[in-house]
Number of protein chains: 2
Amino acid sequence: MENNTRLKLIEVATELFALKGFAAVSVRELTVAAQINVSAISYYFNGKEGLYEAVLIEQLSPILQTIGEVQKNDSTSPVAQLTLYANQIAHIHALRPLISRFIYSEVTNPTEYGAPIIEKHLSQVYQFIDATLREGIARGYIREDLNITYAAVSLVGILNFYFIAKPFVSKLFPLPEHADSESEYVAHAFRIYLHGIMNSEA
Amino acid sequence: MENNTRLKLIEVATELFALKGFAAVSVRELTVAAQINVSAISYYFNGKEGLYEAVLIEQLSPILQTIGEVQKNDSTSPVAQLTLYANQIAHIHALRPLISRFIYSEVTNPTEYGAPIIEKHLSQVYQFIDATLREGIARGYIREDLNITYAAVSLVGILNFYFIAKPFVSKLFPLPEHADSESEYVAHAFRIYLHGIMNSEA
DNA sequence: GTCTATATTGCGATAGAC
DNA sequence: GTCTATCGCAATATAGAC
């Protein structure tokens with residue numbers, strides 16, 4: 001296995017960076033956890049920053065893919081597209097359980113290498129939601145008095161907040177721990193949101 | 001002015017810790033920005049950690065106060081109480097524009113001194129929302145098929161996410177910059193949420 | 001591709017003068 | 001209460017042997 005070291009390093013770094021943040025993790029800590037040599041970080045990633053960048057890119061990769069898939073279905077109604085998007089959110093968090101750690105960490109305390117990566121990905125998300133809400137209003141499904149930007153932020157907030165709050169809230173309340181609590185939450189939250197923005201109800 | 005140094009240190013530390021996170025800020029950086037001497041941090045706060053703790057306590061102070069005030073109005077309806085809470089959220093963010101930075105930063109990457117402070121404050125918030133939602137269901141205002149924990153997380157998420165996303169989203173979309181955009185957002189988001197959880201509508 | 005050994009820099013904290 | 005000077009340590013990075 002030639003690039004085993006590289007993979008092990010990515011794996012360990014993903015967990016440690018997610019848990020403690022970039023600045024709080026030392027290269028020694030990483031190499032001890034990965035049971036490899038210090039110099040491997042420079043050898044494979046050209047330093048700690050390069051390793052972090054690689055982790056971040058790998059973590060965020062499902063986002064653009066997902067938005068692309070949802071946008072292919074632009075023949076369906078805006079409401080169906082938003083529903084599809086919500087389902088994909090649950091899917092992303094199941095695929096990358098630590099993704100929200102990285103995103104929020106970068107949004108609150110941006111690093112110079114992380115900021116452009118995050119920006120590239122999240123702008124795609126906002127543009128999709130913005131356009132879909134506009135179309136929903138134009139077609140009469142969604143209330144006209146919505147401020148689109150606020151409504152877009154509301155949607156991202158209500159769908160994603162759970163995943164950041166989860167380890168914290170589960171200390172206070174016993175949270176459902178079964179396999180698909182992610183999609184259960186997302187379905188629940190999206191129902192509240194959709195109910196809240198729709199013009200009328202069937 | 002005897003404790004001017006202390007105040008200046010709190011002020012500068014609040015901004016730098018909010019912007020870069022605890023681990024990424026050095027004591028030298030703080031003392032240069034505050035135009036004071038390195039040793040003042042140990043003298044006043046017994047080190048960098050003590051300074052961070054002091055900043056955190058001061059930042060979070062409006063939370064418990066707010067929850068206390070809202071709970072005094074327990075004679076009004078649960079819906080009115082939730083509305084009051086939403087208004088207080090806007091108020092808190094206006095008072096402490098950086099509070100969400102500290103909270104999210106501690107939730108994603110907890111420090112050993114910050115974690116107990118955050119936990120103490122946020123558990124109060126969740127307990128209040130949980131109890132109020134329960135009462136709203138019992139009195140028939142709110143849909144019975146809500147999962148209370150999910151609905152509580154949804155409320156916190158939809159109300160607060162904006163304040164973390166704001167500096168980021170405003171790069172993508174021009175956000176309203178007028179004096180009271182905080183309460184405008186909160187009112188907007190809360191309307192979506194309330195609309196989404198209510199049993200019927202007047 | 002992996003190792004040891006080390007260079008270099010910056011960190012947080014404090015002793016002791018004023 | 002504020003300063004300078006410095007201690008001791010841990011950080012990242014890399015040169016060079018294997």
Side-chain angles (χ1 to χ4, degrees), chain A residues 1-58 102 105-106 109-117, chain B residues 1-58 102 105-106 109-117:
Chain A
M1 318 245 173
E2 40 189 347
N3 56 354
N4 218 5
T5 299
R6 194 194 141 92
L7 288 175
K8 185 71 185 166
L9 209 33
I10 289 265
E11 185 192 322
V12 162
T14 302
E15 204 178 302
L16 283 176
F17 283 143
L19 193 70
K20 309 175 70 177
F22 175 77
V25 177
S26 73
V27 292
R28 300 176 114 87
E29 200 178 350
L30 288 163
T31 54
V32 166
Q35 291 176 291
I36 51 118
N37 192 273
V38 221
S39 55
I41 292 180
S42 284
Y43 181 77
Y44 283 107
F45 300 99
N46 205 24
K48 184 185 166 190
E49 300 185 358
L51 172 57
Y52 179 73
E53 215 170 76
V55 167
L56 211 54
I57 289 170
E58 199 240 345
F102 286 98
S105 181
E106 275 293 330
N109 310 130
T111 63
E112 54 176 317
Y113 12 96
I117 302 174
Chain B
M1 317 246 174
E2 40 190 349
N3 56 353
N4 218 5
T5 298
R6 194 195 141 92
L7 287 176
K8 185 71 185 167
L9 209 34
I10 288 266
E11 184 192 323
V12 163
T14 301
E15 204 177 303
L16 283 176
F17 283 143
L19 192 69
K20 309 175 72 177
F22 175 76
V25 177
S26 73
V27 292
R28 301 177 115 88
E29 198 178 351
L30 287 163
T31 54
V32 167
Q35 291 178 290
I36 52 115
N37 192 274
V38 220
S39 55
I41 292 180
S42 284
Y43 182 77
Y44 283 108
F45 300 99
N46 204 24
K48 185 186 165 190
E49 299 184 359
L51 172 57
Y52 179 73
E53 216 171 75
V55 166
L56 211 55
I57 289 170
E58 199 241 345
F102 286 99
S105 181
E106 275 293 331
N109 310 130
T111 64
E112 53 176 317
Y113 12 97
I117 303 174

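In what follows, chains are A, B, ... by sequence order, proteins preceding strands, each numbered from 1. In what follows, every heavy atom counts, from backbone to side chain, and hydrogens, waters and symmetry copies are set aside.
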- Task: Round to the nearest Å and state the distance from Tyr52(B) atom OH to dG12(C) atom P.
- Result: 15 Å
- Item | Spacing of Gln35(B) atom CD relative to dC3(D) atom P, expressed in whole Å | 11 Å
- Task: Return yes if the base of dC11(C) and the side-chain atoms of Ser26(B) contain a donor-acceptor N/O pair under 3.5 Å, otherwise no.
- Result: no
- Task: Would you kindly give the CG-to-P distance between Leu7(A) and dT2(C), to the nearest whole Å?
- Result: 11 Å
- Message: Of the options dA15(D), dT12(D), dT14(C), whose atoms approach the side-chain atoms of Lys48(A) most closely?
- Response: dT12(D)
- Message: Measuring to OP1 and OP2 of dG1(D), would you say a side-chain N or O of Asn37(B) lies under 4.0 angstrom away?
- Response: no
- Query: Tell me: CZ of Arg28(B) to P of dT9(C), nearest whole Å?
  - Reply: 14 Å
- Message: The side chain of Val27(B) is closest to which nucleotide in this list: dC3(D), dT2(C), dG12(C)?
- Response: dG12(C)
- Would you indicate whether the side-chain heavy atoms of Phe22(B) and Asn109(B) approach each other to under 4.5 Å? no
- For atom CD of Glu15(A), decide whether the heavy atoms of other residues, nucleotides or ligands shown that lie under 6.0 angstrom number more than 12. no
- Task: Specify the separation, in whole Å, of atom CD of Glu49(B) and atom P of dC11(C).
- Result: 16 Å
- Taking all heavy atoms of Leu30(B) and all of Val12(B), pick out the closest pair and write down the distance. O-CG1, 3.8 Å
- Message: Using whole Å, what does the distance between atom C1' of nucleotide dT12(D) and atom CG of Leu51(A) come to?
- Response: 13 Å
- Rounded interatomic separation in angstrom, taking OH from Tyr44(B) and P from dA13(C): 17 Å
- Task: Rounded to the nearest 0.5 Å, what's the gap from OG1 on Thr111(A) to CZ on Phe102(A)? Could you check?
- Result: 10.5 Å
- Establish, with yes or no, whether the OP1 or OP2 oxygen of dT2(C) is under 4.0 angstrom from a side-chain nitrogen or oxygen of Thr5(A). yes
- Starting at CG of Asn46(A) and ending at P of dT12(D), how long is that distance when rounded to a whole Å? 15 Å
